[in-house]
Number of protein chains: 2
Amino acid sequence: MKSDGGVGMSQGASAVAQKSGESLLFLTDDQIRKGIEAMFFAYRGFTADPDRILDEHGYGRAHHRAIHFIHRSPGTTVNNLLSILGVTKQSLNRVLRALVEDGLVEARIGHRDKRERHLYLTEAGAALEQKLSDAQRERMRAAYRAAGPVAVAGFRQVLEAMMDPEMRRHFDGLSDSSR
Amino acid sequence: MKSDGGVGMSQGASAVAQKSGESLLFLTDDQIRKGIEAMFFAYRGFTADPDRILDEHGYGRAHHRAIHFIHRSPGTTVNNLLSILGVTKQSLNRVLRALVEDGLVEARIGHRDKRERHLYLTEAGAALEQKLSDAQRERMRAAYRAAGPVAVAGFRQVLEAMMDPEMRRHFDGLSDSSR
DNA sequence: CTTGGAAAGTCAACAAGGCTGACATAAGAT
DNA sequence: ATCTTATGTCAGCCTTGTTGACTTTCCAAG
């Protein structure tokens, strides 16, 4: 694999390319592949705890996502949720209908624009949200604590750089303290 | 929500708890929640590019995962793949059958134990793997480059701490230079 | 050599959660 | 009055996961 002096793997930018003294060893194909696999395995852990709880309640990840973002942005409209979740309205509607029927979510008709439905968690919905996010936060907190503040800052930087621009807009939007 | 001096949210370990001079601000519920949302949005980006390519070929993420880990561990058995992927044999078999029928994967009967099937990518399979991992690596590399080596190290640390122990074993196993 | 059990494959049936397309309704906007 | 938007809904399809039952192959222990 090392043809011309250790540089020049098969595809494009894989070479180390000792540029201006900086080693850039973290950009080798091997490092990146390990990052890809770490994402895969970590995401499994990330969803494992909520998945167990959801299963007990007869829900799935789709319900979790809806509950999470309704909790984060109480009164959000269906359309807004649609663009955050990136699914079709039919898909979201199926989930939302179940949550409303089960009394976890309330869909209030808009005052200004009566076509809109503003979504809120009921007390029962908020209780499930607590349970789910407690479980997910606990693992996250353990990981954060184990890795330390510097690692956490890096973690967040890489994740944000990995998002599609549109998703980053949503992500930044959620961080607004306006609400 | 702010009862006793701005600290003391609802659930457990959320308080800042200024322990021995270290600020631990990175362990607040708010920081953790942002990490959770960052994971969610970033994972979407992480899978977006391969998903597009897979779609053109009439495959899904399940096929990608199989192809990836067969590429990583040529000659791996079905059982080993099963434990890495964490799905049922019926689910994996469906995917594997399609890949074998399409000539992307070869399943050789074991020499020592003839019950086992050892899985290999064919030339066509390796070509698709290239295409998929090139796309995924490109985004990863861009994120790594934007964030820098220190951030990348932190990223990896947090991800590894987030895995289930069994998944971490698989992850570490893949990094072995033995084989 | 026989038999128990492991590895693998297969068939059937089902569910969640994506998708598309078509259509209905209400209401804001022009 | 008409166009457009927001939402809901019905029908049908696909992928990918599940469980359960059964078969074949074949190593290994008795």
Side-chain angles (χ1 to χ4, degrees), chain A residues 40 43-44 47-48 50-70 75-102 105-120, chain B residues 40 43-44 47-48 50-70 75-102 105-120:
Chain A
F40 172 70
Y43 199 79
R44 294 259 293 274
T47 56
D51 279 355
R52 267 188 292 273
I53 297 171
L54 288 159
D55 201 56
E56 293 167 11
H57 292 249
Y59 293 125
R61 250 178 239 182
H63 303 86
H64 186 190
R65 293 195 278 264
I67 288 173
H68 176 96
F69 287 108
I70 292 172
T76 186
T77 62
V78 172
N79 248 1
N80 184 42
L81 207 48
L82 240 34
S83 79
I84 288 178
L85 296 178
V87 297
T88 59
K89 63 173 179 175
Q90 293 93 331
S91 211
L92 177 57
N93 197 262
R94 189 196 294 141
V95 164
L96 237 32
R97 203 188 317 161
L99 292 174
V100 169
E101 276 172 10
D102 296 352
V105 166
E106 193 189 349
R108 298 184 204 152
I109 292 177
H111 24 285
R112 282 186 4 191
D113 187 332
K114 293 177 187 169
R115 290 170 304 178
E116 294 179 341
R117 301 293 190 277
H118 297 275
L119 304 169
Y120 299 87
Chain B
F40 172 70
Y43 200 79
R44 294 258 293 274
T47 56
D51 280 355
R52 266 188 292 274
I53 296 170
L54 288 159
D55 202 56
E56 294 166 11
H57 292 249
Y59 293 125
R61 251 179 237 181
H63 302 85
H64 186 189
R65 292 196 278 264
I67 288 172
H68 176 94
F69 287 109
I70 293 172
T76 187
T77 63
V78 172
N79 247 3
N80 183 43
L81 207 50
L82 240 32
S83 79
I84 288 178
L85 296 177
V87 297
T88 58
K89 63 174 177 175
Q90 292 90 333
S91 207
L92 176 58
N93 198 263
R94 190 196 293 137
V95 164
L96 238 32
R97 202 187 319 158
L99 292 174
V100 169
E101 276 173 9
D102 296 353
V105 167
E106 192 189 348
R108 296 184 205 153
I109 293 177
H111 25 285
R112 280 185 7 190
D113 186 335
K114 292 178 187 170
R115 291 168 302 181
E116 293 180 342
R117 300 297 189 274
H118 297 274
L119 303 169
Y120 299 88

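The structure presented is a predicted model; accordingly, all values stated were derived computationally and were not measured. Naming convention: chains lettered A, B, ... in sequence-line order (proteins, then strands); numbering from 1 in each chain.
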* Asked: Under 30°, 30 to 60°, or over 60°: which ring-plane class applies to A:H68 and A:H64, parallel, tilted or perpendicular?
  -> perpendicular
* Could you give the NE2-to-P distance, from A:H118 to D:dA6, as a whole number of Å? -> 12 Å
* To do: For A:R108 and D:dT7, give me the distance from atom CZ to atom C1', rounded to whole Å.
  => 18 Å
* Asked: Will you find, in the side chains of A:T47 and A:R61, an N or O donor that is under 3.5 Å from an N or O acceptor?
  -> yes
* Asked: How does protein contact run along nucleotides 8-15 of chain D, one letter per nucleotide 5' to 3', with B for base contact, S for sugar-phosphate only, - for none, heavy atoms under 4.0 Å?
  -> BBB-----
* **Distance test, side-chain N/O of A:T88 to OP1/OP2 of C:dG18, below 4.0 Å** => no
* Nearest-Å distance for atom pair CG/C1', residues B:L82 and C:dA6 -> 14 Å
* **Gap between atoms CG and P, on B:N80 and C:dA6 respectively (whole Å)** => 18 Å
* Starting from C1' on C:dG17, measure out to CG on A:L99 and report it in whole angstrom. => 13 Å
* Within the structure, does a side-chain N or O atom of B:N79 lie under 4.0 Å from either OP1 or OP2 of C:dA8? -> yes
* Asked: Can you say whether the rings of B:F40 and A:F69 are parallel (under 30°), tilted (30 to 60°) or perpendicular (over 60°)?
  -> tilted
* To do: May I have the distance from B:D51 (atom CG) to C:dC19 (atom P), rounded to whole angstrom?
  => 11 Å
* Has B:R65 got a side-chain N or O lying under 4.0 Å from the OP1 or OP2 atom of D:dG17? -> yes
* To do: Output, in order, the C-alpha distance, side-chain angles, deciding distance and verdict of salt bridge (Lys or Arg N to Asp or Glu O under 4.0 Å) for B:E106 and B:R108.
  => CA-CA 6 Å; B:E106 192 189 348; B:R108 296 184 205 153; 3.4 Å; yes
* Quick check, are the ring centers of B:H57 and B:H63 under 6.0 angstrom apart? -> no
* Would you kindly check whether a donor in the side chain of B:R115 faces an acceptor in the base of C:dA6, or vice versa, at under 3.5 angstrom? => yes
* To the nearest 0.5 Å, tell me how far A:N79 CG sits from A:R117 CZ. => 12.0 Å
* Does A:V87 or A:D113 map to a spot on DNA chain C nearer the 5' end, using the closest nucleotide for each? -> A:V87
* In terms of the nearest nucleotide of DNA chain C, which residue is placed more toward the 5' end: A:V95 or A:H111? -> A:V95
* What integer distance in Å separates A:L92:CG from D:dT7:P? -> 10 Å
* Asked: Can you find a pair of side-chain heavy atoms, one from B:D102 and one from B:Y59, that are under 4.5 Å apart?
  -> yes
* Please give, in whole Å, the distance from D:dA28 P to B:K114 NZ? -> 12 Å
